[in-house]
Number of protein chains: 2
Amino acid sequence: MKPKTYDDLLGGPQGGRDCAGRGILDHVMSRWGVLVLLALRDGTHRFSELRRRIGGVSEKMLAQTLRALEEDGFVLRHDFGEVPPRVEYALTPMGRQLATHVARLATWISDNTAQVLAARETRRSKAKG
Amino acid sequence: MKPKTYDDLLGGPQGGRDCAGRGILDHVMSRWGVLVLLALRDGTHRFSELRRRIGGVSEKMLAQTLRALEEDGFVLRHDFGEVPPRVEYALTPMGRQLATHVARLATWISDNTAQVLAARETRRSKAKG
DNA sequence: CGGAATCCAAGATGATACTG
DNA sequence: CAGTATCATCTTGGATTCCG
């Protein structure tokens, strides 16, 4: 019997080895994964559009993030194969489902940001007092 | 008008400066944040219990993660101030709400892991064909 | 037992330059 | 435009050690 590891907490050995779910979660919740998912919720966008929309992401990281999400089947990449180059990205149906969950979490956090900041203040003054 | 940055995508400047929501999300979705949140869903646990339950986390990272979540007001730390030391951790009401959302996301991923792995395979064979 | 402090290896990220 | 390749850097994470 395996001990209770984080594999179990995340749904167990369904993926086969270690913890596939954990790897997916890492892609999704990577520094830029969330933002890409949210940015694609309202439709198709080109590479440079995404860069502008997300802001602060380097070409390298955006490309890397998009590739990871594409590999996982969350993002669809359409290369028009023209010059000048034109590539468009969109969510797959599965990606839309995922993005919905992510958006809920992001929304909750957004709605509770003030409360979190207040909690931090409380702690800070308690530490002083 | 501000350009669309990831600040906007995550709920805008509600936190005051940059993007407080983003920072919170980083805490929550950090490598171990998710697991701690999930591990605490079923009640109070001691430090070493958490280490065993989560599995694979070092003392340093667990302590660091717990402190961050505590600062944000998601986790409550109760130090009994005895020898040998005894400290217990639990979710705050806000933490329970958050953990519920996180659990939903984790569950979705867990339920869709097979589909993601299938998507990866499809891509792989398409690349070959 | 529950950490804090330190040192070090590994990985993530960014700026830049280059290509089709 | 849409990337890739490369190098420098900054951050993470882990192992170890020490303490109350």
Side-chain angles (χ1 to χ4, degrees), chain A residues 5-7 10 18-19 22-36 39-40 43-72 75-90 123 127, chain B residues 3 5-6 18-19 22-37 39-40 44-71 75-90 123 127:
Chain A
T5 66
Y6 62 78
D7 291 5
L10 238 190
D18 294 346
C19 180
R22 182 68 221 185
I24 298 169
L25 195 60
D26 280 347
H27 288 173
V28 174
M29 306 312 293
S30 66
R31 185 153 175 57
W32 303 111
V34 195
L35 290 318
V36 169
L40 284 174
T44 295
H45 292 286
R46 299 181 61 170
F47 187 85
S48 44
E49 280 178 344
L50 286 174
R51 264 202 84 185
R52 273 192 298 277
R53 275 171 71 86
I54 294 179
V57 62
S58 64
E59 296 180 354
K60 178 181 169 182
M61 293 318 297
L62 181 54
Q64 190 173 306
T65 303
L66 284 168
R67 260 184 282 121
L69 292 176
E70 190 198 357
E71 270 239 344
D72 287 352
V75 163
L76 208 61
R77 184 197 132 120
H78 182 42
D79 187 340
F80 289 79
E82 307 167 347
V83 285
R86 177 191 180 81
V87 180
E88 294 192 341
Y89 294 90
R123 284 220 108 262
Chain B
T5 67
Y6 63 79
D18 293 350
C19 179
R22 180 69 220 186
I24 298 168
L25 194 60
D26 279 348
H27 288 172
V28 172
M29 305 311 294
S30 66
R31 186 155 175 56
W32 303 111
V34 195
L35 290 319
V36 169
L37 250 15
L40 283 174
T44 295
H45 293 284
R46 299 182 58 172
F47 187 86
S48 44
E49 280 177 343
L50 285 173
R51 265 201 82 185
R52 273 191 299 277
R53 276 171 69 87
I54 294 179
V57 62
S58 64
E59 294 180 354
K60 176 182 171 181
M61 294 318 297
L62 181 55
Q64 189 174 304
T65 303
L66 285 169
R67 258 183 285 121
L69 292 176
E70 190 200 357
E71 271 239 345
V75 163
L76 208 61
R77 183 197 133 119
H78 182 42
D79 187 339
F80 290 77
E82 306 169 348
V83 283
R86 176 190 180 83
V87 181
E88 293 190 341
Y89 294 91
R123 284 219 107 264

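Computed from heavy atoms alone, side chains included, the values below leave out hydrogens, waters and symmetry copies. So that the names make sense, note that chain A is the first sequence line, chain B the second, and so on, each numbered from 1.
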Do the non-hydrogen side-chain atoms of [X] and [Y] ever get within less than 4.5 Å of each other?
| X | Y | answer |
| --- | --- | --- |
| L50(A) | L40(A) | yes |
| L66(B) | Y89(B) | yes |
| V87(B) | F80(B) | no |
| V28(B) | V34(B) | no |

Just how far, in rounded Å, is [atom2] of [N] from [atom1] of [X]?
| X | N | atom1 | atom2 | result |
| --- | --- | --- | --- | --- |
| E88(A) | dA2(D) | CD | P | 9 Å |
| H45(B) | dG2(C) | NE2 | C1' | 17 Å |
| I54(A) | dT13(C) | CD1 | P | 13 Å |
| R86(A) | dA2(D) | CZ | C1' | 12 Å |
| E49(A) | dG3(D) | CD | P | 13 Å |

Strictly distance-based, threshold 3.5 Å: is any side-chain N or O of [X] a donor or acceptor partner for the main-chain N or O of [Y]?
| X | Y | result |
| --- | --- | --- |
| R51(B) | V57(B) | yes |
| E49(A) | R46(A) | yes |
| R53(B) | A39(B) | yes |

Euclidean distance, [Y] [atom2] relative to [X] [atom1], rounded to 0.5 Å:
| X | Y | atom1 | atom2 | value |
| --- | --- | --- | --- | --- |
| Q64(B) | H27(B) | CD | NE2 | 9.0 Å |
| M29(B) | D26(A) | CE | CG | 9.0 Å |
| R123(B) | D72(A) | CZ | CG | 11.0 Å |

For the side chain of R46(A), counting heavy atoms from C-beta on, which of dC1(D), dC1(C), dG14(D) is nearest? dC1(D)

Residues of residues 76-85 of chain B with any non-hydrogen atom less than 4.0 angstrom from an atom of DNA chain C: list those, numerically ordered, please.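 Of all residues in residues 76-85 of chain B, the ones placing a heavy atom under 4.0 Å from DNA chain C are R77(B), P85(B).
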
Please list, by residue number, the residues of residues 59-71 of chain B whose heavy atoms come closer than 4.0 Å to an atom of DNA chain C; answer none if no residue qualifies.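 Under 4.0 Å from DNA chain C: E59(B), K60(B), R67(B).
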
Do E88(A) and R77(A) meet the salt-bridge criterion of a basic N to acidic O distance under 4.0 Å?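 Judged by the 4.0 Å cut-off on N to carboxylate O distance, R77(A) and E88(A) do not form a salt bridge.
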
Phosphate-side-chain proximity, S58(B) and dA15(D), N/O vs OP1/OP2 below 4.0 Å: no

Is the phosphate of dG3(D), meaning OP1 or OP2, less than 4.0 Å from a side-chain N or O of Y89(A)? yes

Angle between terminal axes - the helix from dC1(C)-dG20(D) to dG20(C)-dC1(D), 5 pairs each end, rounded to 10°: 40°

